[in-house]
Amino acid sequence: MRSILVFLFFFFILLETTAVGFPITVILASCLAVTTGLQYQDVLFLAGILFDLFAGLPLGQTSLFFLIIAYLASRYQRKMSAGHIVYTLVFLTIVFTGYQYIFSGTVILSRIGVSLLISAVLLWIINRIAVFTQHSSSRLSV
Amino acid sequence: MQRTMRVSVLIAVSFSLLLLDRNGLLGIVKQPLEFVVLPLKQTVRTTAVALSQFYSIAGSYSSIAILREEKLKLTQTNEELVHAALVLHEENEQLRKQLGASLPPSFKLTPANVIAVSDVLEVSAGKKEGIVVGNSVIVGSTMIGKVTNVSEYRSQIALLSEGTVEVPVRTTRGARGIVASQSDNIVIGNVLQKDPLFLEDQVFTSGEGGFPPSLLIGKISHIAVSDVSVYKQAIITSPVALQTLKTVFIITQS
């Protein structure tokens with residue numbers, strides 16, 4: 001799972017900093033944080049550093065943001081994982097709004113809307129992968 | 001608990017890195033990394049652009065056939081227009097030349113396209129344009145012949161160098177004579193021995209014999225001297241190159 005995440009982050013960072021003008025990395029990071037809390041904090045840290053390096057931002061800026069998201073998500077993880085989609089949506093909306101405001105100085109509502117839609121898809125995929133890996137690791141062998 | 005500790009450490013590391021970078025202390029670390037990041041980004045960018053172009057081409061695949069057809073049509077139209085422009089340019093040049101010629105304003109000139117040059121000159125203008133037999137034909141201010149045959153839409157012109165046209169002329173020194181064709185040359189004859197005839201003298205129509213006056217015939221290029229003959233003769237060279245003529249002007253009213 002970790003290697004898949006590292007690859008995904010690397011791929012998303014490359015795309016976002018070269019061809020796609022949409023914050024896909026922060027969407028992935030937020031979804032990961034919402035789903036797994038602090039489980040992959042090292043991946044988030046590395047992704048943040050890589051993002052700063054590729055985007056030409058001050059080193060540590062994005063990783064700090066990602067880690068704070070992960071920390072906050074872990075604090076409210078029980079509420080979010082209890083099936084209350086509203087909590088997740090509110091959390092993600094705050095994250096995307098904050099990200100836009102901090103990193104670009106503006107808040108574009110349509111972009112937040114699209115980000116939420118992509119997040120919904122990503123959350124579903126991450127959940128499926130998590131279920132699959134859990135299932136395969138707990139399989140009994142004779 | 002351990003995770004919270006670890007995240008606190010990572011947050012502290014991130015914060016420290018941010019502070020160091022903000023103060024320009026991470027330049028030594030970042031600079032070598034740039035050499036890896038930049039080519040990688042460049043490659044991804046080039047690929048992304050190529051992909052977007054590919055998608056754009058693939059998306060417009062159905063319209064390629066239409067575009068090709070349109071291109072063919074446009075090429076054809078362009079060729080036709082270029083040809084038309086060339087023809088018009090040549091015609092314009094001829095008209096400019098004609099307008100620049102010092103001809104009397106009473107002359108009514110009818111332009112005609114040359115369609116054949118052999119013993120006679122054939123032009124694509126006839127009775128419809130008001131051309132009648134006997135009209136003088138000029139290029140610029142130089143007379144080249146006389147209309148000898150006219151149909152509804154075309155005319156035949158007897159050339160001074162080829163035909164049987166006889167034109168009364170005078171030279172710049174006042175010598176008078178008759179210009180006619182002789183062995184494919186324009187020759188001035190019937191010039192009295194006492195009249196001066198020199199090389200490079202210009203020869204003009206005298207206005208007699210039904211021809212308009214002061215039309216240039218050419219320059220004397222060779223003088224045939226004979227003490228026994230009554231008249232002097234000289235060969236005239238016309239400034240008009242007949243083989244490359246495309247438009248001539250017919251004086252329909254003088």
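Chain identifiers are assigned alphabetically (A, B, ...) following the order of the sequence lines, protein sequences preceding nucleic acid strands; residue numbering begins at 1 within each chain.
Heavy atoms of other residues, nucleotides or ligands lying less than 6.0 angstrom from CZ of Phe11(A) number 12 at most.
Interface remark: Leu57(A) contributes backbone atoms only to the contact with chain B (heavy atom separation under 4.5 Å). Both the backbone and the side chain of Phe54(A) come within less than 4.5 Å of a heavy atom in chain B.
When all heavy atoms of Ser30(A) and Phe96(A) are compared, the pair lying nearest together is OG-CE2, 3.7 Å.
A side-chain donor from one of Thr25(A) and Glu16(A) sits under 3.5 Å from a side-chain acceptor of the other. Checking Asp52(A) against Thr62(A) by side-chain atom types alone, a donor-acceptor pair falls below 3.5 Å.
Between chain A and the residues Thr47(B), Leu51(B), Val44(B), Val7(B), the most heavy-atom pairs under 4.5 angstrom are made by Val7(B). Ranking Ile68(A), Leu15(A), Asp42(A) against chain B, the residue ahead of the rest is Asp42(A), based on heavy-atom pairs under 4.5 Å.
Between Phe107(B) and Phe249(B), the distance from one ring center to the other does not fall under 6.0 angstrom.
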When the side chains of residues 68-77 of chain B are checked against the rest of the protein, which donor-acceptor pairs come out under 3.5 Å, sequence neighbours left out?
residue: Thr75(B); atom: OG1; partner: Lys71(B); partner atom: O; Å: 2.6
residue: Thr77(B); atom: OG1; partner: Lys73(B); partner atom: O; Å: 2.7

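Side chain of Gln41(A) to main chain of Leu38(A): a donor-acceptor pair is present (N/O by atom type, distance under 3.5 Å, no hydrogens or angles).
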Practice problem: Tell me, with the steps shown, if Glu129(B) and Thr110(B) meet side-chain hydrogen bond (donor to acceptor under 3.5 Å, both in side chains). | Solution: CA-CA 7 Å; Glu129(B) 283 78 19; Thr110(B) 304; over 6 Å; no
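Residues of residues 9-25 of chain B lying within less than 4.5 angstrom of chain A, judged on heavy atoms, are Leu10(B), Ile11(B), Val13(B), Ser14(B), Phe15(B), Leu17(B), Leu18(B), Asp21(B), Arg22(B) in numerical order.
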